[in-house]
Amino acid sequence: MDFILLGPPGAGKGTQAKLMIDKWSIPQISTGDILRAAVREGTSLGVEAKGFMDRGELVPDRVVIGIIAERLKEKDARKGFILDGFPRTIPQAEALGTILQDLGRNIDHVISIEVDEEELVRRLTGRRMCKNCGESFHVVFNPPAREGVCDRCKGELYQRDDDKEETIRQRLAVYGQQTEPLIAYYSRTGNLRRIDGFSSIEDIFSRIVEAVGG
Ligand code: AMP
């Protein structure tokens, strides 16, 4: 079970990935999470990535391709994986193809979750994340029981720097220019599943399960 989750920021890739982990017991590999951890820890990777992330731009291909090449070799990815937020450009997709070929495997399903721009802005401006466990909430659509406190681990909730409206518009523009072409790219390989993401979390998940044949 090797999956790619494709879709604009705010489409719910991370949320669906969590449900997929539970169902198929395979790891979620999110380049955004890996980069945010590096920024938090102040590693050289974090220092290099931070400016791009704060501006809503993409981190250079060479950097994220290196991260994925290493991560996919780890033991927990042997049974399968869910790529969340990678690839985001055609060169990344091509590099992924080569990495997987070298490992003797290939992508089974590319799931594209599709949501229109105004809905994405509504979702992202209200998004709050837990500093401690990464769980995500929404001030209106999925509020925590106590404001500012994570339901799962009681950690402190915060708004990502790149979830401010101006940066969100920039991230969506970057998605349209650099990542959306991947829909056509993967439709040629025949394993693209397009899912309407304007629905409840549970509905979207059932559509994914159905699309991949259970
Ligand atoms: P995300 O959490 O997936 O929305 O990623 C947050 C930010 O991390 C993005 O806006 C980019 O700056 C950077 N990033 C994450 N994944 C990638 C990728 N595959 N290629 C380039 N930049 C990325």
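Numbering of ligands and ligand atoms starts at 1, following listing order. FYI, side chains are in, hydrogens and waters are out, and symmetry mates aren't considered; it's all heavy atoms of this structure. For reference, positions follow the sequence shown, starting with 1.
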What protein heavy atom is closest to [atom], reported as residue, atom name and distance in Å?
| atom | result |
| --- | --- |
| atom 2 (O) of ligand 1 | R36 NH1, 2.9 Å |
| atom 22 (N) of ligand 1 | V59 N, 3.0 Å |
| atom 20 (N) of ligand 1 | Q92 NE2, 2.9 Å |
| atom 8 (O) of ligand 1 | M53 CE, 3.5 Å |
| atom 11 (C) of ligand 1 | E57 O, 3.5 Å |
| atom 14 (N) of ligand 1 | L35 CD1, 3.6 Å |

May I ask which of K13, R88, Q178 has a heavy atom nearer to atom 1 (P) of ligand 1 than the others do?
-> R88
Would [X] count as being in polar contact with ligand 1, using the rule that some N or O on each side must be under 3.5 angstrom apart?
| X | value |
| --- | --- |
| D162 | no |
| T31 | yes |
| V64 | no |

Judged by modelled atom types alone, do T43 and E41 share a side-chain donor-acceptor pair under 3.5 Å?
->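 E41 and T43 do not have a side-chain donor-acceptor pair below 3.5 Å.
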Distance-only donor-acceptor check, side chains T167 and D162, under 3.5 Å = no
Considering only heavy atoms from C-beta outward, does the side chain of V110 approach that of Y185 to under 4.5 Å?
-> no
For ligand 1, is R160 a contact, meaning one of its heavy atoms is under 4.0 Å away?
->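 It does, in that a heavy atom of R160 comes within the 4.0 Å cut-off of ligand 1.
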Salt-bridge contact R122-E118 (side-chain N to carboxylate O under 4.0 Å) =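 No, R122 and E118 are not salt-bridged.
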